[in-house]
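Structure first, commentary second.
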2 protein chains.
Amino acid sequence: MPDAETPARADALRNRELLIKVARHAVAELGLGVSVNEIVRRAGLGQATFYRRFASREELLSAVLGDVLDEVLDGLRQAAEADPAQGLRDALRLLVEHQARHRGLFELLNDHPGAAAEVHADSQARVREQLRRIGERAQEAGAMHPDARWQDLPFLAGSLAATSPSCLGIDADDNLTDRLLGTVLAGLRTGTARV
Amino acid sequence: MPDAETPARADALRNRELLIKVARHAVAELGLGVSVNEIVRRAGLGQATFYRRFASREELLSAVLGDVLDEVLDGLRQAAEADPAQGLRDALRLLVEHQARHRGLFELLNDHPGAAAEVHADSQARVREQLRRIGERAQEAGAMHPDARWQDLPFLAGSLAATSPSCLGIDADDNLTDRLLGTVLAGLRTGTARV
DNA sequence: TTGCAAACGGAGAGGGGTTCTCCGTTTTAT
DNA sequence: ATAAAACGGAGAACCCCTCTCCGTTTGCAA
């Protein structure tokens, strides 16, 4: 446990940064369930070092997820300023790609078991807020049918992201996500078909 | 291990059926990772009884998944005979609903870690075969744009199913899956938007 | 009714994993 | 040089898993 008064030692600071960097990749790859063991193994450090820098596993996860959420939020804010049709495209694509590349983010945004929903609830609320703006602008511009709901956008993005990691099966198809995204965008513009 | 010659005892048969029935529900709820422990606990039996009826955990899982796949296959065959537009609808809805209600099936069809892809590979191939037929018929009838691919249908279904279990978050929304399905069907008819 | 094979449940072996701590050693910075 | 702080590895204490052993109970046929 670091003494709040004395200035931290150089190696301590270095290792803290290293752990955050490594954890970012590990959470992206393995999800929120990643173990401290795995993180310190990748960092080439001991477990005790981890617990000297962070109070718990959750504290580090929270830090990592905060960073990623901020990144997403920045992108969405830009999409909300852009041309409405393009902004909708960009927003969906951003959400899909980030979630497809970052399993931890996917698990957090889709309430997977093991993800504490209240972690960064504020940032998650801001994500929804931006999506509402993006959806409403797209509807006004005719890029999204009035019947479609902005509330469904995160679900659609999560849906598409869910398939990305599992493309291994039938064919190694790089454009799968692009095609599915195109299909969904077309559906959003046209409006839902009666089922 | 049962003696192949002597007729099985009534209680042994009863317990075998019970284990299969309970496992079906457990796999639907908890996925392929469900433990023998959990199954026998739900069945009110001992673990030894389980291993006297089945050679391994995998043997029971395989039996359960075979049944579910057969069910799906039956439904798809019907959809492949119906009106092409309706058949596409029915097929997607069937796949989504079955996967949404049966986590084990979802994990198998979407190559989740822990799912042996080769389990019932024959049935899985037949599923794809029916989907090809359904997709091609829909395209001929104009219910699916020529640019859309039948190969993407299982991914779309898996995508939508993936969100269903996690509707807890924003609002308890019973029609979410219906709406997303409608959006996807509209997109399939219209053809993919450039991304 | 009785006898015995078969089925039974629970305990536990043996494996894996996890989070987090203790302690003897090394590094840093004065 | 010295002392405080950081270090790594071992391990405590817990959880869960698959699968087996063994003493007891049950079903069935003579």
Side-chain angles (χ1 to χ4, degrees), chain A residues 1-23 26-27 29-64 103-104 107 112-116 119, chain B residues 1-23 26-27 29-64 103-104 107 112-116 119:
Chain A
M1 332 301 179
D3 192 333
E5 310 307 325
T6 57
R9 241 169 64 171
D11 51 351
L13 253 61
R14 221 185 311 127
N15 285 334
R16 181 171 218 281
E17 295 311 306
L18 176 62
L19 282 171
I20 290 179
K21 199 181 93 186
V22 167
V27 174
E29 192 178 327
L30 272 9
L32 300 176
V34 67
S35 70
V36 173
N37 235 330
E38 177 67 20
I39 292 170
V40 298
R41 195 188 57 74
R42 290 182 179 209
L45 298 174
Q47 296 192 318
T49 300
F50 180 95
Y51 284 101
R52 244 173 261 116
R53 300 291 141 248
F54 302 93
S56 69
R57 180 178 154 277
E58 274 66 35
E59 185 183 301
L60 178 58
L61 286 189
S62 175
V64 166
R103 197 171 144 188
E107 291 173 357
H112 268 230
V119 170
Chain B
M1 333 300 180
D3 193 333
E5 310 307 324
T6 56
R9 239 169 66 173
D11 50 352
L13 253 61
R14 222 185 310 126
N15 285 334
R16 182 170 215 281
E17 294 311 305
L18 176 62
L19 281 170
I20 291 179
K21 198 182 95 187
V22 166
V27 174
E29 192 178 328
L30 272 10
L32 300 175
V34 67
S35 70
V36 173
N37 236 328
E38 176 68 19
I39 293 169
V40 298
R41 195 187 56 74
R42 291 182 179 208
L45 299 174
Q47 294 192 317
T49 300
F50 179 95
Y51 284 100
R52 244 173 263 118
R53 300 293 141 245
F54 302 94
S56 67
R57 181 178 153 276
E58 273 66 34
E59 186 182 301
L60 178 58
L61 286 189
S62 174
V64 166
R103 195 170 145 189
E107 290 172 358
H112 268 229
V119 171

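Quick note on labels: first sequence line is chain A, next is B, and so on, each numbered from 1.
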Taking only side-chain N and O atoms of [X], does any of them lie within less than 4.0 angstrom of OP1 or OP2 on [N]?
X        : N       : answer
Arg52(A) : dC7(D)  : yes
Arg57(B) : dT18(D) : yes
Arg53(B) : dA7(C)  : yes
Ser35(A) : dT18(C) : yes

How close or far is atom [atom2] of [N] from atom [atom1] of [X], stated in whole angstroms?
X        : N       : atom1 : atom2 : result
Leu60(A) : dT19(C) : CG    : C1'   : 14 Å
Leu32(B) : dC17(D) : CG    : C1'   : 16 Å
Leu13(A) : dA5(D)  : CG    : C1'   : 13 Å
Leu18(B) : dC8(C)  : CG    : P     : 10 Å
Arg41(A) : dG9(D)  : CZ    : P     : 13 Å
Phe50(A) : dT18(C) : CZ    : P     : 13 Å
Arg14(B) : dT25(D) : CZ    : P     : 18 Å
Asn15(B) : dT25(D) : CG    : P     : 17 Å

Output the single nucleotide from [options] whose closest atom is nearest the side chain of [X].
X        : options                   : value
Val36(A) : dT20(D), dT28(C), dT19(C) : dT19(C)
Arg9(B)  : dT26(D), dT27(C), dG8(D)  : dT26(D)
Ala48(B) : dT19(C), dG27(D), dT20(D) : dT20(D)
Tyr51(A) : dA5(C), dT27(C), dT21(C)  : dT21(C)
Leu45(B) : dT18(D), dG9(C), dT18(C)  : dG9(C)

> Distance from Ile39(A) atom CD1 to Leu30(A) atom CG, nearest 0.5 Å?
Replying inline: 9.0 Å

Decide yes or no for [X] and [Y]: does some side-chain heavy atom of the first lie under 4.5 Å from some side-chain heavy atom of the second?
X        : Y        : value
Tyr51(A) : Val40(A) : no
Ser62(A) : Glu59(A) : no
Glu29(B) : Glu38(B) : no

>> If you apply the rule side-chain contact (heavy atoms from CB on, under 4.5 Å), what do you find for Val27(B) with Leu60(B), and how did you get there?
In response: CA-CA 10 Å; Val27(B) 174; Leu60(B) 178 58; over 6 Å; no

> If you find the nucleotide of DNA chain D closest to Asn37(B) and the one closest to Asp11(A), which residue's nucleotide is nearer the 5' end?
Replying inline: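 By nearest-heavy-atom nucleotide position, the 5'-most residue is Asp11(A).
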
> Of Val34(B) and Thr49(A), whose nearest nucleotide on DNA chain D comes first from the 5' end?
Replying inline: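 Its nucleotide being nearer the 5' end, the pick is Thr49(A).
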
> Reckon Gly44(A) touches a base, only the sugar-phosphate, or nothing at all at heavy-atom distances under 4.0 Å?
Replying inline: sugar-phosphate

